Amino acid sequence: MKTTNIVGAVVLLAAVGSLSYLAGTRSAPPAQPSAAPGSSPAKGPTGGPPAGIIIEARAPQVVKLPQSITTVGSLRSDEAVIVRPEIAGRVVEIAFREGQRVTRDQVLVRLDDSVQKADLERARANLTLSKSKYERARDLRAQGFISGQAKDEAENNLKVAQADVELAAARLAKTEVRAPFGGIIGLRSVSVGDYVKEGQDMVNLEEIDPLKVDFRVPEVFLSQVKAGQVLQVTMDALPDRTWPGQVYAINPLVDANGRAIAIRAQVANTDGRLRPGMFARVRLLTSEVRDSLMISEESIFPVGDDKYVYKVVEGRAMRQKVEIGQRRDSRVEILGGLSAADTVVTAGVVKLRDGAPVKVASSPEPAQPVGKADPQPPRKGDS
């Protein structure tokens, strides 16, 4: 009887365990298949590659451009002078403000003129007396009371008196130092009360609109340069702008030391940003013309001292070093690094890195299957 009870209990426990196992198996979620060894994880909702960065790109344009000679030069004032007195004297007035524009014949410095005024008054008095003596001598000569020699001496004295007046007036005028031309006055080196000598430096005067630019080119370019050619001037101190200019003089003498030709051009400076003495980089455009590659200025970005662009190669942005030349109407000439068959990024450069996947904005979008509805239409209340 005992044995029968034990066997029954074992059978009951086995039945309960089987029922529990079956119930757990039916309620558990189906197992996900494991990824095969070496396979990559999914890259997008549909398992495709990640979307590229949207950019704009186009091929370089081939245009005919006149060729250029690149060199360096320096800016010079159109007119420049150091203002100096012609006579010695004490400064009684400075009639200008440093750094301001002055006009031609404007009084800059006045010297003490008391002595010169006294000399002029004495000369005028002598002139009046000499004129009276001459008139009497002329009348007496007509009446035969004096000789012709006496009349001639009176006439000569009159002329000497007139010359004395003019000399005294000229000396008086030299007490006023005037601007020989209009321009910008510099920094003075004298003050009121200073005694200045003849020819002593007082202040510099510069006419800076327009400016001259002096530069040299090797003598091998002699046949390519001539008066009237245009040029482009850039400044290291003002790298954001290019100034146009024109050659107006070529020195007929070739420098025997450097075998170079000295050339002088004129550059407008209406806004006054340029200053005489500045270092200039000059690009002289010659008459020779050839096909050149041009791209947008927006495509170029600097890395250190070098210039780069992004090319589109098999759907990726590849950084490419380029050598640039002339600039024309927001476009830049490419001297090396690109070909006419390349595709260059023109917009979206700041978002790129070397090797990044890209998508050209002008490329057509994939067409949606006709009649296929959106998988999840927007619900009421969604934004």
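As the structure is a computational prediction, the values presented were derived from the model and not from experiment.
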Take atom [atom1] of [X] as the centre, draw a 6.0 Å sphere, and report whether it contains more than 12 heavy atoms from other residues, nucleotides or ligands.
| X | atom1 | answer |
| --- | --- | --- |
| Lys351 | NZ | yes |
| Glu155 | CD | yes |
| Glu93 | CD | yes |
| Arg138 | CZ | yes |
| Arg178 | CZ | yes |

No-hydrogen, no-angle side-chain donor-acceptor test under 3.5 Å, Glu297 and Ser330: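 Note: Glu297 and Ser330 side chains miss the donor-acceptor criterion.
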
Are [X] and [Y] connected in the hydrophobic side-chain network, where two residues link if heavy atoms are under 4.5 Å apart?
| X | Y | answer |
| --- | --- | --- |
| Tyr248 | Phe221 | no |
| Phe96 | Val83 | yes |
| Val177 | Ile82 | no |
| Val102 | Ile208 | no |
| Met318 | Val345 | no |

Apply ring-ring contact (aromatic ring centres under 6.0 Å, His included) to Phe301 and list each qualifying residue two or more places apart in sequence or on a separate chain.
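By the ring-ring contact (aromatic ring centres under 6.0 Å, His included) rule, Phe301 matches Tyr310.
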
Contact check, side chains of [X] and [Y], non-hydrogen atoms, under 4.5 Å:
| X | Y | answer |
| --- | --- | --- |
| Thr71 | Leu284 | no |
| Val358 | Val312 | yes |
| Ile250 | Ile261 | yes |
| Thr70 | Val282 | no |

State, to 0.1 Å, how close [X] and [Y] come at their nearest heavy-atom pair, and which atoms those are.
| X | Y | answer |
| --- | --- | --- |
| Trp243 | Ala268 | CD1-O, 3.7 Å |
| Ala57 | Val360 | N-CG1, 4.2 Å |
| Arg316 | Gly355 | NH1-O, 2.8 Å |
| Leu75 | Ala280 | CD2-CB, 4.4 Å |
| Ile53 | Ala356 | CD1-CB, 4.3 Å |
| Asp291 | Lys64 | OD1-NZ, 3.0 Å |

[atom1] of [X] to [atom2] of [Y]: how many Å apart, nearest 0.5 Å?
| X | Y | atom1 | atom2 | result |
| --- | --- | --- | --- | --- |
| Leu285 | Leu231 | CG | CG | 7.5 Å |
| Asp164 | Ser130 | CG | OG | 8.5 Å |
| Glu333 | Met294 | CD | CE | 6.5 Å |
| Tyr308 | Asp354 | OH | CG | 10.0 Å |
| Ser147 | Arg141 | OG | CZ | 7.0 Å |
| Lys174 | Asp113 | NZ | CG | 14.5 Å |

Indicate yes or no for a side-chain donor-acceptor contact from [X] to the backbone of [Y] under 3.5 Å, with no hydrogens or angles considered.
| X | Y | value |
| --- | --- | --- |
| Gln229 | Gln224 | yes |
| Asn126 | Ala123 | no |
| Thr175 | Arg171 | no |
| Gln100 | Arg97 | no |
| Asn156 | Asp152 | no |
| Asn269 | Leu211 | no |
| Thr346 | Ser299 | no |
| Arg283 | Gln232 | no |

Derivation and outcome, side-chain contact (heavy atoms from CB on, under 4.5 Å), residues Ile184 and Leu205: CA-CA 6 Å; Ile184 305 296; Leu205 177 62; 5.8 Å; no

| query | Can Arg136 and Asp139 be counted as an ion pair, charged N to O under 4.0 angstrom? | reply |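 No.
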
Worksheet item: Between Glu135 and Lys133, is there a side-chain N and carboxylate O pair less than 4.0 Å apart?
Response: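 So Glu135 does not pair with Lys133 through a salt bridge.
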
How would you list, by chain and number, every residue that makes a salt bridge (Lys or Arg N to Asp or Glu O under 4.0 Å) with [X], sequence neighbours excluded?
| X | result |
| --- | --- |
| Asp78 | none |
| Arg76 | Asp214 |
| Glu166 | none |
| Lys307 | none |

field: Stepwise side-chain contact (heavy atoms from CB on, under 4.5 Å) test for Val225 and Val247
entry: CA-CA 9 Å; Val225 298; Val247 174; over 6 Å; no

Members sharing [X]'s hydrophobic cluster (side chains within less than 4.5 Å):
| X | value |
| --- | --- |
| Leu172 | Leu120, Leu127, Tyr134, Leu158, Val165 |
| Leu129 | none |
| Val350 | none |
| Ile295 | Val62, Leu293, Ile300, Val309, Val322, Ile324, Val332, Ile334, Leu338, Val344 |

Evaluate the criterion salt bridge (charged side-chain N to carboxylate O under 4.0 Å, His left out) for residue pair Glu207 and Arg101; output intermediate values, then yes/no.
CA-CA 9 Å; Glu207 175 52 74; Arg101 174 166 287 277; 3.7 Å; yes

Could you pull out all donor-acceptor pairs under 3.5 Å where a side-chain atom in residues 233-242 meets a protein atom, sequence neighbours excluded?
unit_1: Asp236; atom_1: OD1; unit_2: Arg281; atom_2: NE; d: 2.9
unit_1: Asp236; atom_1: OD2; unit_2: Arg281; atom_2: NH2; d: 3.2
unit_1: Arg241; atom_1: NH1; unit_2: Asp271; atom_2: OD2; d: 2.5

Cut-off 3.5 Å, no hydrogens considered: what does the side-chain donor-acceptor table look like for residues 252-259, sequence neighbours left out?
unit_1: Asp255; atom_1: OD1; unit_2: Asn257; atom_2: N; d: 3.1
unit_1: Asp255; atom_1: OD2; unit_2: Arg216; atom_2: NH1; d: 3.4
unit_1: Arg259; atom_1: NE; unit_2: Ala256; atom_2: O; d: 3.4

Just distance, no hydrogens or angles: give the donor-acceptor pairs under 3.5 Å from side chains in residues 185-204, sequence neighbours left out.
unit_1: Arg188; atom_1: NH1; unit_2: Val190; atom_2: O; d: 2.7
unit_1: Ser189; atom_1: OG; unit_2: Asp201; atom_2: O; d: 3.1
unit_1: Ser189; atom_1: OG; unit_2: Met202; atom_2: O; d: 3.2
unit_1: Asp194; atom_1: OD2; unit_2: Ser191; atom_2: N; d: 2.8
unit_1: Gln200; atom_1: OE1; unit_2: Lys197; atom_2: N; d: 3.1
unit_1: Asp201; atom_1: OD1; unit_2: Arg84; atom_2: NE; d: 2.5
unit_1: Asp201; atom_1: OD1; unit_2: Arg84; atom_2: NH2; d: 3.1
unit_1: Asn204; atom_1: ND2; unit_2: Glu206; atom_2: OE2; d: 3.2

